[in-house]
Amino acid sequence: MLQLQVIREHKEAIVNALQKRGMDATPLVDEIILLDKKRRSSQSQLDTTLAESNMISKEIGMLFKTGKAQEANTLKNKITTLKEASKKLTETLNSTEEALQSLLYQIPNIPHASVPKGNTEEDNEEVFREGTIPKLHDKALPHWELAKKYDIIDFELGVKITGAGFPVYKGKGARLQRALIAYFLDKNTEAGYTEIQVPHLVNEASAYGTGQLPDKEGQMYHMPVDDLYLIPTAEVPVTNIFRDTIVNETEFPITYTAYTPCFRREAGSYGAHVRGLNRLHQFDKVEIVRVEHPNKSYEALDGMVDHIKNILRELKLPYRILRLCGGDLGFTAALTFDFELFSTAQDRWLEISSASNFETYQANRLKLRFKDESGKRQLAHTLNGSSLALPRVLAGILENCQTEAGIVIPDVLVPYTGFSIID
RNA sequence: AGAGAGGUGGCCGAGUGGUCGAAGGCGCACGCUUGGAAAGCGUGUAUACAUCAAAAGUGUAUCGAGGGUUCGAAUCCCUUCCUCUCUGCCA
């Protein structure tokens with residue numbers, strides 16, 4: 001959520017910047033400014049009214065003490081009018097604030113200056129590419145065929161137990177998955193991230209805190225009995241650790257990594273693009289989260305990008321990095337780099353990581369602040385990235401590392417898997 | 001799940017209808033003292049919103065959350081969440 005004060009003071013700049021997202025924010029912003037004016041004047045009026053009745057109440061107290069009950073009773077009548085007035089003002093204030101809040105929720109984050117204009121994925125800007133795309137043998141298969149051939153992932157079994165998009169990993173498939181999780185967590189820990197384990201269900205306040213609600217209502221699994229949501233990413237529970245907190249400036253940088261399953265309803269299409277592991281309702285992901293000083297957040301984002309690069313380098317997988325364009329940028333992000341893995345057998349790029357700086361957008365909702373040197377409170381910057389999302393990395397390994405003899409496990413993973421080939 | 005107790009500032013803890021944003025202590029910050037440190041002494045030490053160009057100041061709200069009673073609520077009533085103890089159930 002953008003800060004009201006910023007909207008008030010930089011209206012033009014905000015409207016201009018949001019055009020990059022293909023959005024004309026003028027009407028929204030205008031209404032917000034109007035409501036904000038109304039809110040402030042109601043606040044002032046209410047405050048004066050309450051101040052007056054507080055004063056009279058004190059007077060009444062004094063009068064009763066000194067035995068002047070009659071005079072006190074006269075004042076009581078006076079206060080009735082004030083009470084009615086303040087009740088009305090409270091109502092206006094509340095409804096104004098509510099309306100204002102819901103409008104504020106509708107404004108996405110302001111794209112960073114470096115974000116390219118554009119509406120679709122085509123307009124994303126490739127900023128880096130590395131790794132060699134392997135030449136596969138003639139009988140190379142897509143991962144869903146490989147999964148069947150080697151009996152390492154069973155999609156039909158998942159359908160039986162739960163439904164489409166809930167695969168069952170078996171044997172070396174399950175072991176490879178576990179190996180990847182352990183490997184990613186180890187790499188992240190080495191890079192200074194503190195490993196934590198968090199709940200996989202969150203309450204409504206947390207879902208609002210990181211911006212899944214109200215923007216992505218319907219994309220999360222909701223348990224109405226307890227009013228809890230299954231997490232779509234570890235970002236939600238991890239970032240919400242800092243909801244309603246004031247951290248000390250000296251604590252920066254705050255860095256966490258967490259492995260969790262992720263649950264997404266993903267009401268969407270069927271077909272080749274979502275086949276196999278390409279899109280799932282439940283998948284595993286290792287996430288990194290940072291809370292940073294505003295001066296350091298872009299440096300930190302670069303650091304995250306380098307860190308993820310290193311992992312992919314070690315795995316010897318071909319990948320590229322995209323700077324997302326305005327139209328493709330997530331609602332809450334100011335700048336996002338997507339990592340895409342090239343899947344030779346599918347002949348397409350698969351998104352495997354997304355590293356974003358949210359600047360103060362999340363922090364404002366979360367009320368995550370820090371005390372700066374002069375003791376003033378400021379909003380912190382939050383960042384997160386996948387390091388990494390499992391299914392498509394798995395798909396990439398299966399497809400890119402397949403040989404006629406079997407699937408050759410990348411060297412760095414062998415200590416984790418305990419085997420070097422799936423055959 | 002049943003019975004009981006309780007939720008007060010960074011922490012501990014007082015407060016059962018008026019002058020309480022809240023005693024006292026600890027912690028923390030600054031100053032004095034000291035060769036330096038400790039002790040000691042002094043001062044300060046919540047958040048949000050409004051007002052103001054800004055700071056200061058002032059006002060309002062906040063004692064888990066929401067609602068109610070009252071001229072007035074940390075204090076009384078209702079709802080709800082959470083914690084603890086005992087019993088039950090259970091990986």
Parallel, tilted or perpendicular: ring planes of A:Y193 versus A:H307, cut at 30 and 60 degrees: tilted
Pairwise P distance for B:rG10 and B:rA65, with rounding to whole Å: 13 Å
Residue matched to B:rA55 through Watson-Crick or wobble contacts both under 3.5 angstrom: none
Which protein N or O atoms sit under 3.5 Å from an N or O of nucleotides 15-18 of chain B?
{"from": "B:rG18", "atom 1": "N2", "to": "A:S57", "atom 2": "O", "distance (Å)": "2.8"}

Interatomic distance where CG belongs to A:D244 and P belongs to B:rU62 [whole Å]: 18 Å
Any strand: nucleotide that pairs with B:rU75 via Watson-Crick or wobble, under 3.5 Å: none
Separation of B:rA29 C1' from A:K376 NZ (nearest whole Å): 20 Å
Atom pair distance, as rounded to whole Å: CZ in A:R40 and P in B:rA61: 21 Å
For atom CD of A:Q5 and atom P of B:rC52, their distance in whole Å: 14 Å
Distance, C1' atom - from B:rU58 to B:rC63, rounded to whole angstrom: 24 Å
Spacing of A:E97 atom CD relative to B:rU60 atom P, expressed in whole Å: 18 Å
Backbone of A:E399 reached by a side-chain donor or acceptor of A:Q402 within 3.5 Å: yes
Mate of B:rG4 where both pairing distances stay under 3.5 Å, Watson-Crick or G-U: B:rC84
B:rA38 and B:rA29, which share atom name P, separated by this distance in whole Å: 11 Å
Nucleotide paired to B:rU62 in any strand shown, Watson-Crick or G-U, under 3.5 Å: B:rA46
Nearest-Å distance once atom C1' is located in both B:rU19 and B:rC30: 31 Å
Nearest-Å distance once atom C1' is located in both B:rG59 and B:rG40: 40 Å
Distance in angstrom units between A:N94 CG and B:rC49 C1', rounded: 13 Å
Watson-Crick or G-U counterpart of B:rA91, or none if no pair lies under 3.5 Å: none
A:S354-A:D338 side chain donor-acceptor pair, cut-off 3.5 Å: yes
Donor-acceptor contact present, side-chain A:T239 to main-chain A:V236, <3.5 Å: no
Touch class at under 4.0 angstrom, heavy-atom based, for A:N77 against every strand present: nothing
N/O contacts under 3.5 Å, protein versus nucleotides 44-48 of chain B?
{"from": "B:rU47", "atom 1": "OP1", "to": "A:R377", "atom 2": "NH1", "distance (Å)": "2.6"}
{"from": "B:rU47", "atom 1": "O3'", "to": "A:R369", "atom 2": "NH1", "distance (Å)": "3.2"}
{"from": "B:rA48", "atom 1": "OP1", "to": "A:R369", "atom 2": "NH1", "distance (Å)": "3.0"}
{"from": "B:rA48", "atom 1": "OP2", "to": "A:R377", "atom 2": "NE", "distance (Å)": "3.2"}

Residue whose nearest RNA chain B nucleotide is more 5′ - A:T48 or A:S53: A:T48
Any-strand Watson-Crick or G-U partner of B:rU70, both distances under 3.5 Å: none
Aromatic plane relationship, A:F339 with A:Y319 - under 30° parallel, 30 to 60° tilted, over 60° perpendicular: parallel
For A:L28, the option from A:I14, A:I33, A:L103, A:L104 that meets side chain to side chain contact (heavy atoms under 4.5 Å, CB included): A:L103
Same-atom distance (C1') from B:rG68 to B:rU83, integer angstrom: 26 Å
Nearest-Å distance once atom P is located in both B:rU85 and B:rU80: 24 Å
Identified pairing partner of B:rG10, criterion: Watson-Crick or G-U wobble below 3.5 Å: B:rC26
Counterpart base for B:rC32, defined by Watson-Crick or G-U wobble contacts under 3.5 Å: B:rG40
Distance below 4.0 Å between A:K76 side-chain N/O and B:rU70 OP1 or OP2: no
Check against side chain to side chain contact (heavy atoms under 4.5 Å, CB included), A:L322 and A:W349: CA-CA 11 Å; A:L322 303 176; A:W349 294 94; over 6 Å; no
Donor-acceptor contact below 3.5 Å, side chain A:K172 vs main chain A:I421: yes
P gap between B:rC12 and B:rG64, integer Å: 13 Å
Residue-phosphate contact under 4.0 Å: A:N54 side-chain N/O, B:rA61 OP1/OP2: yes
Whole angstrom value for the distance that separates P of B:rU60 from CZ of A:R39: 18 Å
Options B:rC71, B:rA50, B:rU60, nucleotide nearest the side-chain atoms of A:I79: B:rC71
Test item: A:K20 side-chain N/O and A:H112 main-chain N/O as donor-acceptor pair under 3.5 Å: yes
A:A51, nearest nucleotide to its side chain (from B:rG59, B:rC71, B:rA61): B:rG59
A:K296 to A:F252 six-membered ring, cation-pi geometry met (6.0 Å, 45°): no
First of A:K87 and A:D36 reached from the 5' end of RNA chain B, by closest nucleotide: A:D36
SB check A:K88 A:E91 (cutoff 4.0 Å): no
Euclidean distance, A:I308 CD1 relative to A:F184 CZ, rounded to 0.5 Å: 10.5 Å
Distance in angstrom units between A:E204 CD and B:rU80 P, rounded: 18 Å
